[in-house]
Amino acid sequence: MLEEGDILNGHFAATAQRYDASNGPILVLQDTTEFSYQRRNPHAVGFTKSVNSGRDKQERLRHHTVCGILMHSSLAVTLDGLPLGLAAVKFWSRDKFKGTAQLKRKINPTRVPIETKESIRWLENLCQSVALLGQPDRCIHVGDRESDIYELYCLAKELGTHFVVRTVVDRLAGNGDHTISAEMRDIEIVGISSKFAPTPMRSPKSTWTSDSNGSGCCRPSARRSDTLLWTLPSSTR
């Protein structure tokens with residue numbers, strides 16, 4: 001049976017060659033993409049998410065699940081924006097879809113092992129990218145709010161690589177009597193830059209980011225006993 005790994009082996013090899021031929025730090029951008037399909041038998045493909053279908057004649061909200069597959073990929077890019085290719089990819093679909101809000105009524109997500117959650121894809125892609133590219137100290141893995149995972153930070157430190165994420169949880173730091181955001185406010189700012197980013201649905205806006213240097217420790221969640229020591233080369237405020 002031909003699998004996606006057999007098809008993408010050549011692409012991964014080309015990515016590694018371009019990486020070896022480049023110099024300096026490389027950004028490894030992680031994100032998830034959805035591919036939607038229409039099938040008479042959607043269960044043969046799987047589902048991606050549940051969407052709002054509007055209201056019925058009784059003005060009740062309707063929902064339906066979208067047929068398709070998901071792809072979580074890691075794209076290697078130079079600091080100048082030149083793409084080098086994919087460094088890792090994972091495909092999957094769901095037999096059924098339940099929103100996180102519905103799941104939280106039955107379980108506490110923070111008590112579920114990361115190995116049994118879809119979030120494990122962030123850690124798997126991190127490992128695959130480092131294994132393919134080598135020189136983990138050159139790689140800066142970039143993720144959105146979904147990648148704010150304590151286990152991801154621990155794995156990055158273990159592998160000797162770097163990360164930049166958009167945080168969701170203002171985690172406890174130091175001895176546990178203050179948060180990371182409070183600790184970052186006490187760190188000296190070394191530079192400020194402005195970014196102009198128009199979007200299709202919104203008017204152009206300028207965002208300000210401050211670059212700062214610092215280090216400290218991040219406290220684990222209640223189900224973990226270890227503490228992560230971290231170094232932050234930059235912070236977005």
To the nearest 0.5 Å, tell me how far [X] [atom1] sits from [Y] [atom2].
| X | Y | atom1 | atom2 | value |
| --- | --- | --- | --- | --- |
| Thr33 | Asp31 | OG1 | CG | 6.0 Å |
| Cys154 | Leu159 | SG | CG | 11.0 Å |
| Leu152 | Trp122 | CG | CH2 | 8.5 Å |

Return each pair, listed once, that meets side-chain hydrogen bond (donor to acceptor under 3.5 Å, both in side chains) where at least one residue sits in residues 18-28; pairs must be two or more places apart or across chains.
-> Ser22-Arg138
Passes side chain to side chain contact (heavy atoms under 4.5 Å, CB included), Glu146 versus Glu118? Steps please.
-> CA-CA 11 Å; Glu146 284 189 77; Glu118 286 189 0; over 6 Å; no
Going by an N to O cut-off under 4.0 Å, is there a salt bridge joining Lys117 and Glu151?
-> no
Side chain of [X], backbone of [Y]: donor and acceptor closer than 3.5 Å?
| X | Y | value |
| --- | --- | --- |
| Asp170 | Ser181 | yes |
| His11 | Leu86 | yes |
| Thr161 | Asp137 | no |
| Asp80 | Leu82 | no |

Ring pair (Phe, Tyr, Trp, His ring centres under 6.0 Å): which pairs involve residues 125-146, sequence neighbours left out?
-> none
Check whether the side chains of Ser147 and Arg166 place a donor and an acceptor atom closer than 3.5 Å, and report yes or no.
-> no
So do the side chains of [X] and [Y] get within less than 4.5 Å of each other, counting heavy atoms only?
| X | Y | result |
| --- | --- | --- |
| Leu126 | Phe163 | no |
| Val28 | Leu133 | yes |
| Ile26 | Leu84 | yes |
| Arg171 | Asp148 | yes |
| Leu155 | Cys127 | yes |
| Asn125 | His72 | yes |
| Leu123 | Glu115 | no |
| Leu8 | Val89 | yes |

Residue pair Val165, Asp144: steps toward the side chain to side chain contact (heavy atoms under 4.5 Å, CB included) verdict | CA-CA 6 Å; Val165 302; Asp144 57 14; over 6 Å; no
For Leu132 and Ala87, the nearest pair of non-hydrogen atoms, with its separation, is CD2-O, 3.5 Å
Taking all heavy atoms of Cys139 and all of Gly134, pick out the closest pair and write down the distance.
-> SG-O, 4.3 Å
Glu124 meets the side chain to side chain contact (heavy atoms under 4.5 Å, CB included) criterion, sequence neighbours left out, with Lys90, Ile120, Gln128
